[in-house]
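These notes are about the structure you will find just below.
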Protein chains: 2
Amino acid sequence: MGRITVKDIARLLNINPSTVSRALKDHPDISKETIEKVKQVAEELGYEPNLQAISFRNRKSRLIGLIIPDMNMYFFPSVIKAIEDRVRAEGYNLLVLHSNNSLRGEQNNTKICDRLGVEGLLVSVSAESENLSHFEELTERGVPVVLFDRIVDRRDFPIVCIDDVQVAGKVVKHLYDRGFRKICGAFDDPHLSISKRRRQGYEKMLQDLGLEVKPEWIFHADSSETAGEKMAEVLDLPDQPDAIFSMSDQLLVGIMQACLAKGVEIPGEMAIACISNGLVPNFWKPHITYMHHSGEEVGAIAANVLFNMIRNNPVPHMNWVETNMVVQSST
Amino acid sequence: MGRITVKDIARLLNINPSTVSRALKDHPDISKETIEKVKQVAEELGYEPNLQAISFRNRKSRLIGLIIPDMNMYFFPSVIKAIEDRVRAEGYNLLVLHSNNSLRGEQNNTKICDRLGVEGLLVSVSAESENLSHFEELTERGVPVVLFDRIVDRRDFPIVCIDDVQVAGKVVKHLYDRGFRKICGAFDDPHLSISKRRRQGYEKMLQDLGLEVKPEWIFHADSSETAGEKMAEVLDLPDQPDAIFSMSDQLLVGIMQACLAKGVEIPGEMAIACISNGLVPNFWKPHITYMHHSGEEVGAIAANVLFNMIRNNPVPHMNWVETNMVVQSST
DNA sequence: AACGAGTGCGCAAACGGTTGCGGTGGAAAA
DNA sequence: TTTTCCACCGCAACCGTTTGCGCACTCGTT
């Protein structure tokens, strides 16, 4: 009733399990006839190698861990997709874990990956993660850890992301070039370094352009709903902005909902530009202008860096992901 | 440099590995002092049990497999989230695999799950899956398989989904009750049984209401883009519908894009109602009316059925997921 | 005839943790 | 004093697969 093992095949053919093992992988020590017989019996019995036993014996799990802060619909699905494709192409399997944006969850997930013996770990850190010491148990044992997108820049771990400061600046500059001078900024959780860096790029560009940085025109939100609420407040200000920079698709949704609810004409009364995975800005008419920040590309590059590390190839500390501006309608 | 094992602890304390093993799990045969010492040393050395070894020895992987057709942003992220939460709460880990909507991919994924020794498998089948024999290797060895959402109804496997026929009918009926009589229908890949059933419910309700089923008003699309194209064609018909039923969020996006592109007023010129996970219909103003089909609920119920099977509790063959109508604006 | 070089296969250990069984030593019961 | 009993711990086997080593046997070469 249990599964077929090499021992079963060996017993049936009156040979040694070691011979079966070698025959199944065409070892030159084994005669062609024996190889034939073994393979035939294995086929007939429907033999499937026990990966647990193999992993255990080789002290290799063929497992890659992926820890994401949350399973939102906007960015991580495409990242996961790209990573899984690559991981599978390399003959590995992927374990996806989410930390619920908490440090505790991230630490637990890391421990699980450790206990399962993952051979590499890809992480987009939680909002609470400043201290990254929980990854050191892994790196000390030679298990590579790569941070992507939501990162904390410690020299110990290679990071994969866009140049957030520059990219945010470029989007703001784009709005400026189109004549907008009162540019509001919407950012994710203020604890996230990705939020800090994008806000930094936004503020720096405003200053470089000689524009004022108005705190009333800047808000942080970690969900579409709160972004909508904050946006509604901005729309009630006596001194209203004429444009909005949104650092993500998730915030864009809330912003659009707020604008549509108030009947704000876009881009007539309010221009919008954002950083996006590429789908969401096209939901509305006219389409929203965005800087394309491809989740699939981030995933592909992160996986690539990881496998280079697994193969002991040198990898750069910073791995920039390209972005490109997609200008739509009159914005 | 390698990881700490029970043997290391045993050597350090001049005791037997078996004593260490028992001490770590408070076996009554071991004295309190020994337990203390062992635990202290384990703590100091940062001992982490090797789950591979444990899985191997116990012939239990503590792994659950999840196979989805594709990593789209609309439905599966919420399903995955719910499943992972439950799986983790049970002390298991989740392996997420996607089949790229191909039978081959699904078969490969199943084989991988088999080789890894998963203790249960959750599947949303690919568009190409009619024959489900690849799952039998697992069920024959007592590994439960549960199908959800995109299902094929074979008596062998419990299924978790909404009552697609009835739900689609209800949405159509809702449009009818609001006075619409020319109701277009948008469905996913025609090979999917979920598409067939929802279309069946749509057509049956039209007939029950004495309305004509017009083939020109029915289209199938497996992406937002093609849905948009097909919708644009419908909008060019001489005899235009006054309402649309969309069977999913993904199609809704394409439909909305087409309507917005043509300047069709919603719901004035065209009423829309759909089956949705609940977020997408609120992207626009006015919000789109929808039948709420919660991905999280589907995931939670599917996981629940699976764990009941793992515990040898009896489970029903059909496991219905509840839906509820969310009526918005004037539609 | 003796030697060398291969060919084909078996033996046994190992990976880390668990567990049935058995043994020792000391205290209590007979 | 002998027997019984229990608390505490060690021994060894086991899970399935792999692999270094070595043995037996066959050929071809001097």
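The chains referred to below are lettered A, B, ... by the order of the sequence lines, with proteins before strands, and numbering in each begins at 1.
For Asp29(A), the side chain to side chain donor-acceptor pair (under 3.5 Å) test picks out no residue, with sequence neighbours left out. Residues passing the salt bridge (Lys or Arg N to Asp or Glu O under 4.0 Å) test with Glu36(A), sequence neighbours excluded: none. In this structure Ile159(A) satisfies the side-chain contact (heavy atoms from CB on, under 4.5 Å) test together with Leu147(A), Ile151(A), Asp153(A), His317(A), Met318(A), sequence neighbours excluded. Judged as a side-chain contact (heavy atoms from CB on, under 4.5 Å), and not counting sequence neighbours, the contacts of Asp222(A) are Asp188(A), Asp189(A), Thr226(A). Residues forming a side chain to side chain donor-acceptor pair (under 3.5 Å) with Ser102(A) (at least two apart in sequence, or on another chain): none. Contacts of Tyr74(A) classified as ring-ring contact (aromatic ring centres under 6.0 Å, His included), with partners at least two apart in sequence or in another chain: none. Tyr47(A) meets the ring-ring contact (aromatic ring centres under 6.0 Å, His included) test with no other residue; sequence neighbours excluded. Partners of Phe148(B) according to the ring-ring contact (aromatic ring centres under 6.0 Å, His included) rule, which considers only residues two or more places apart in sequence or in another chain, do not exist here.
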Counting primed atoms plus P, OP1 and OP2 as sugar-phosphate and everything else as base, spell out the protein contacts along nucleotides 5-10 of chain D at 4.0 Å heavy-atom distance: B, S or - for each nucleotide, 5' to 3'.
---BBB
Along nucleotides 23-28 of chain C, 5' to 3', which nucleotides get a B, which get an S, and which get a -, given that the test is a protein heavy-atom distance under 4.0 Å?
------
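Within residues 50-64 of chain B, the residues having any heavy atom under 4.0 Å from DNA chain D are, by residue number, Phe56(B), Arg57(B), Arg59(B).
Every stem involving DNA chain C, taken as at least 3 paired positions in a row under the Watson-Crick or G-U wobble test at 3.5 Å, is listed here: C:4-28 with D:3-27.
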